[in-house]
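See structure below.
This structure is a prediction, so every number in the text was calculated from the model and none was measured.
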Amino acid sequence: MSLNRVASIEGLERERSDDSTTTSYRRMSFNPVDHWAPDMSKKTPNVEPVRTFDEIPKGKRLLQCAIAVLYCLLSAGVVFGYAAIKPVLIDEGVYSELCSKDEIEDGTTPCYGQEIRLNLMFTIAAVSTNVCALPVGTILDRYGPRACGIIGSILLAIGSALFAFGRDLPFDSHTSGYLFLALGGPFVFISSFQLSNCFPAHSGLVLALLTGAFDSSSALFLIFRLIFEGTGGRVTTRELFLIYLIVPIFIFVAQLTIMPSQSYKTVGEIVKLAEDEVNAPTPDDSSVTNNAEAERRRSEHRMRRDSVISEINSLLETSTNSKRAKREDKKNKRSGVWGALHGYSAFEQIKTPWFWLITMFTVIQMTRINYFVATVRPQYRYLLHSDEEAKTVNQIFDVLLPLGGVLSIPFIGSILDRTSTPFALASLVVTATLIGILGVIPKMWAAIANICLFVIYRPFYYTAVSDYSAKVFGFQTFGKVYGLIICLAGLFNFIQSPLDALTHKAFHNNPLPVNLILMGVAIVVGVALVIYVYSKSRNIQRQFLEVEAEGARERLMPDVTMNGERGYGT
């Protein structure tokens with residue numbers, strides 16, 4: 001999983017003029033899909049005007065959020081429950097035809113070829129999930145969330161059908177089916193983010209529910225495995241995935257009936273529309289010969305303008321928004337990196353160490369995470385020298401993985417909101433190192449501690465990277481820059497298959513060499529990232545202090561003598 005998760009917060013974003021070095025500020029939204037919102041100043045074909053959230057009944061908006069959370073829980077990230085569904089596929093003999101005669105006679109389960117192909121199936125799905133985020137954003141921008149939701153439901157239905165009838169089809173339908181399930185998740189999940197704008201005062205809560213549903217969706221395959229084991233294998237994956245077809249059908253119907261066809265606008269977009277309305281010229285009445293008709297048009301224009309101004313004022317001038325603005329301003333300053341590259345073009349940002357260090361860090365950590373998810377059971381089978389204990393570790397992992405994303409939300413929020421970005425990155429490096437150390441200790445207590453730490457670290461890592469990208473690069477280029485980071489990291493995950501082969505062939509199923517190599521590279525890259533960000537954050541903090549000092553000197557100062565009288569000066 002690596003879909004971006006950013007709190008919906010607004011503040012001022014730095015902008016640089018194209019022809020000077022001067023700096024200005026504009027309203028900034030940290031909404032995860034704000035950079036995909038349509039430009040309302042231009043008319044886009046086939047896109048109807050977007051209505052503000054207060055034009056939709058509150059009950060309908062609540063229902064839309066509830067439905068989105070439900071179908072994200074059932075579909076958004078199900079492929080990341082791979083560790084739970086893998087034993088079921090092995091028991092059903094998926095890819096068992098790849099086993100050699102000697103392996104079959106020895107009772108090796110899974111055999112080398114079967115293990116590699118199953119892990120490749122997951123690798124392809126994980127890579128596709130990351131890369132798919134880019135086209136999803138484009139489609140969401142042009143055609144709206146309903147189109148994305150419908151496409152997602154169709155992809156999920158195809159994936160379910162391919163898995164259900166995998167043994168009857170003349171091609172590798174399991175890998176294809178898993179791929180379609182992976183592609184359907186981002187279409188459903190990312191298109192739901194805009195619902196955070198239907199309750200601006202509670203947008204963070206809506207996002208937390210959606211991202212929690214994404215993390216918990218991996219539990220679906222755990223339920224599949226429990227049903228399979230509870231019935232002694234009588235309920236097979238065919239029956240389970242045929243039943244699962246209810247989910248894409250439900251999503252399809254919901255998109256056509258309840259869910260919005262166009263994204264809800266952010267507060268920033270509403271303000272932009274209000275400015276356009278207020279600054280719009282009075283209608284040209286030169287073609288109207290009837291004075292009464294001309295006056296009626298002018299009156300309607302004034303009433304509409306006054307109504308828009310009134311609604312925007314009531315939205316923006318609440319104590320909640322005022323407190324939130326102050327809170328976010330304080331948090332931005334505390335981060336130490338906010339605004340580092342705001343206003344630069346995406347190409348200029350990509351050329352900097354800010355981009356390449358976080359990209360290398362993301363590449364290596366995502367590889368470690370997905371490699372562990374795919375190989376947790378064989379790793380502990382070797383380390384603990386017991387298939388039963390490895391099975392127990394796998395079962396604990398299956399339960400804690402979806403819970404970790406939900407239970408860690410308060411912890412993640414506290415770290416990212418109340419500490420600096422260098423501290424958050426240092427915490428990631430230290431935690432990843434601890435996970436690497438625990439992962440090579442051949443003891444059951446170390447295995448359980450490793451899993452507990454891993455399920456908390458995983459969502460913390462993904463959220464911290466998107467938080468870093470938003471604060472450093474800004475949302476003018478967030479879609480391009482963050483999308484490129486995730487895309488490169490996803491493509492690099494294809495290295496998992498060579499790592500699997502290296503572990504099985506060169507190291508005779510010993511996972512320690514590969515894990516130690518990955519941990520060593522992660523430490524080097526992570527330390528370099530932390531040192532660079534920390535040094536740059538000190539420079540940024542000095543700039544903030546200089547700006548504040550200049551602002552203080554410009555305020556009117558009391559007790560200044562002017563022409564022999566007490567007064568005020570600047």
For residues Thr503 and Tyr371, is any side-chain donor paired with an opposing acceptor at under 3.5 Å? yes
Between Arg234 and Thr231, is there a donor-acceptor pair closer than 3.5 Å when you use the side chain of the first and the backbone of the second? yes
Gln349 side chain to Phe473 main-chain N or O, any donor-acceptor pair under 3.5 Å? yes
Min side-chain heavy-atom separation Phe241-Thr236 under 4.5 Å: no
Could you check whether any side-chain heavy atom of Leu242 comes within less than 4.5 Å of a side-chain heavy atom of Leu245, counting everything from C-beta outward? yes
Pairwise side-chain contact, Tyr382 with Phe507, heavy-atom cut-off 4.5 Å (strictly under): no
With distance as the sole criterion, is a donor-acceptor pair present between the side chains of Tyr380 and Asn450 under 3.5 Å? yes
Donor-acceptor contact below 3.5 Å, side chain Arg238 vs main chain Phe165: no
Would you say Arg377 and Asp387 make side-chain contact, with heavy atoms under 4.5 Å? yes
Please determine, by modelled atom types, if Asp500 and Ser497 share a side-chain donor-acceptor pair under 3.5 angstrom. no
Taking the six-membered ring for Trp, are Phe347 and Phe355 ring centroids under 6.0 Å apart? no
May I ask you to check whether Phe224 and Phe221 place their ring centres under 6.0 Å from each other? yes
Neighbour count >12 (heavy atoms, 6.0 Å) for atom CZ, Phe492: no
Just how far is it from atom CG of Leu488 to atom CE of Met366, taken to the nearest 0.5 Å? 10.0 Å
Answer yes if the side chains of Asp398 and Gln395 hold a donor-acceptor pair under 3.5 Å, and no otherwise. no
Passing candidate, side-chain hydrogen bond (donor to acceptor under 3.5 Å, both in side chains) with Gln379, options Asn509, Asn510, Asn394, Asn515: Asn515
Output the distance between atom CZ (Phe189) and atom SG (Cys132), rounded to the nearest 0.5 Å. 13.0 Å
Of all heavy-atom pairs between Ala489 and Thr362, which one has the smallest distance, and what is that distance? CB-CG2, 3.8 Å
Is Ser96 reaching over with its side chain to a backbone N or O of Gly93, donor-acceptor style, under 3.5 angstrom? yes
Using salt bridge (charged side-chain N to carboxylate O under 4.0 Å, His left out) as the criterion, list what pairs up with Asp91, not counting sequence neighbours. none
In the structure I gave you, are the side-chain heavy atoms of Ile435 and Phe372 within less than 4.5 Å of one another anywhere? no
Please give me the minimum heavy-atom distance between Gln114 and Leu98, naming the atom from each residue. N-CB, 4.3 Å
Measure from the side-chain N and O atoms of Ser217 to the backbone N and O of Phe214, and report whether any donor-acceptor pair falls under 3.5 Å. yes
Where do Thr392 and Phe397 land on the side chain to side chain contact (heavy atoms under 4.5 Å, CB included) test, with the steps shown first? CA-CA 9 Å; Thr392 301; Phe397 179 74; over 6 Å; no
Are the side chain of Ser153 and the backbone of Ile150 linked by a donor-acceptor contact shorter than 3.5 Å? yes
Please tell me whether Glu92 and Thr237 have a donor and an acceptor in their side chains that are separated by less than 3.5 angstrom. yes
Between Phe80 and Phe122, how do the two ring planes meet: parallel, tilted or perpendicular, split at 30° and 60°? perpendicular
Under the salt bridge (Lys or Arg N to Asp or Glu O under 4.0 Å) criterion, do Lys86 and Glu115 qualify, and how do the steps go? CA-CA 9 Å; Lys86 182 180 179 181; Glu115 176 83 17; 2.7 Å; yes
For side chain to side chain donor-acceptor pair (under 3.5 Å), just list the numbers for Tyr82 and Thr123, CA-CA rounded to whole Å, side-chain angles, deciding distance to a tenth of an Å, and then say yes or no. CA-CA 10 Å; Tyr82 169 74; Thr123 300; over 6 Å; no
Do Tyr457 and Ser408 make a side-chain contact, defined as non-hydrogen atoms from C-beta onward lying under 4.5 Å apart? no
Identify the heavy atoms of Gly439 and Leu512 that sit nearest to each other, and give their distance. O-CD2, 4.4 Å
Do Thr175 and Tyr95 have a side chain donor and acceptor closer than 3.5 Å? yes
Give a yes or no on whether the backbone of Thr463 and the side-chain of Ser466 come within a donor-acceptor separation of less than 3.5 Å. yes
Please identify which of these residues, Val247, Leu220, Ile85, Leu73, meets the side-chain contact (heavy atoms from CB on, under 4.5 Å) condition with Val78. Leu220
Go through the structure and list residues passing salt bridge (charged side-chain N to carboxylate O under 4.0 Å, His left out) with Glu239, not counting sequence neighbours. none
Mind checking the CE-CG spacing from Met259 to Leu63? Nearest 0.5 Å is all I need. 8.5 Å
Distance-only, no hydrogens or angles: does the Ser386 side chain make a donor-acceptor pair with backbone N or O of Glu389 under 3.5 Å? yes
Passes side chain to side chain contact (heavy atoms under 4.5 Å, CB included), Cys148 versus Ile190? Steps please. CA-CA 9 Å; Cys148 282; Ile190 294 176; over 6 Å; no
Mutual orientation of the aromatic rings belonging to Phe163 and His174 [parallel < 30°, tilted 30-60°, perpendicular > 60°]: perpendicular
Write down the atom of Met444, the atom of Val393, and the distance for their closest heavy-atom approach. SD-CG2, 3.7 Å
Quick one: does any side-chain atom of Ser216 pair with a main-chain N or O of Ala213 as donor and acceptor, under 3.5 Å? no
Is a side-chain N or O of Arg368 found less than 3.5 angstrom from the main chain of Ala432, in a donor-acceptor match? yes
Taking every heavy atom of Gln255 against every heavy atom of Pro145, the minimum-distance pair comes out as OE1-O, 3.8 Å
The test is side chain to side chain contact (heavy atoms under 4.5 Å, CB included); show your working for Met360 and Leu529 and say whether it passes. CA-CA 9 Å; Met360 289 189 292; Leu529 173 65; over 6 Å; no
Does Pro248 reach the side chain of Ile154, with side-chain heavy atoms less than 4.5 Å apart? no
Nearest 0.5 Å, please: how far is CG in Asn119 from CD1 in Ile124? 11.5 Å
Rounded to the nearest 0.5 Å, what separation is found between the CG atom of Leu499 and the CG atom of Leu518? 6.0 Å
Should Asn493 and Gln496 count as side-chain neighbours, where that means a heavy-atom distance under 4.5 Å? yes
Do you know which two heavy atoms are closest between Phe228 and Val235, and how far apart they sit? CD1-O, 3.4 Å
Starting from the C-alpha separation in whole Å, work towards a yes-or-no answer on side chain to side chain contact (heavy atoms under 4.5 Å, CB included) for Ile151 and Val136. CA-CA 10 Å; Ile151 293 173; Val136 171; over 6 Å; no
Please round to the nearest 0.5 Å and tell me the distance separating atom CG of Asn370 and atom CD1 of Ile495. 13.0 Å
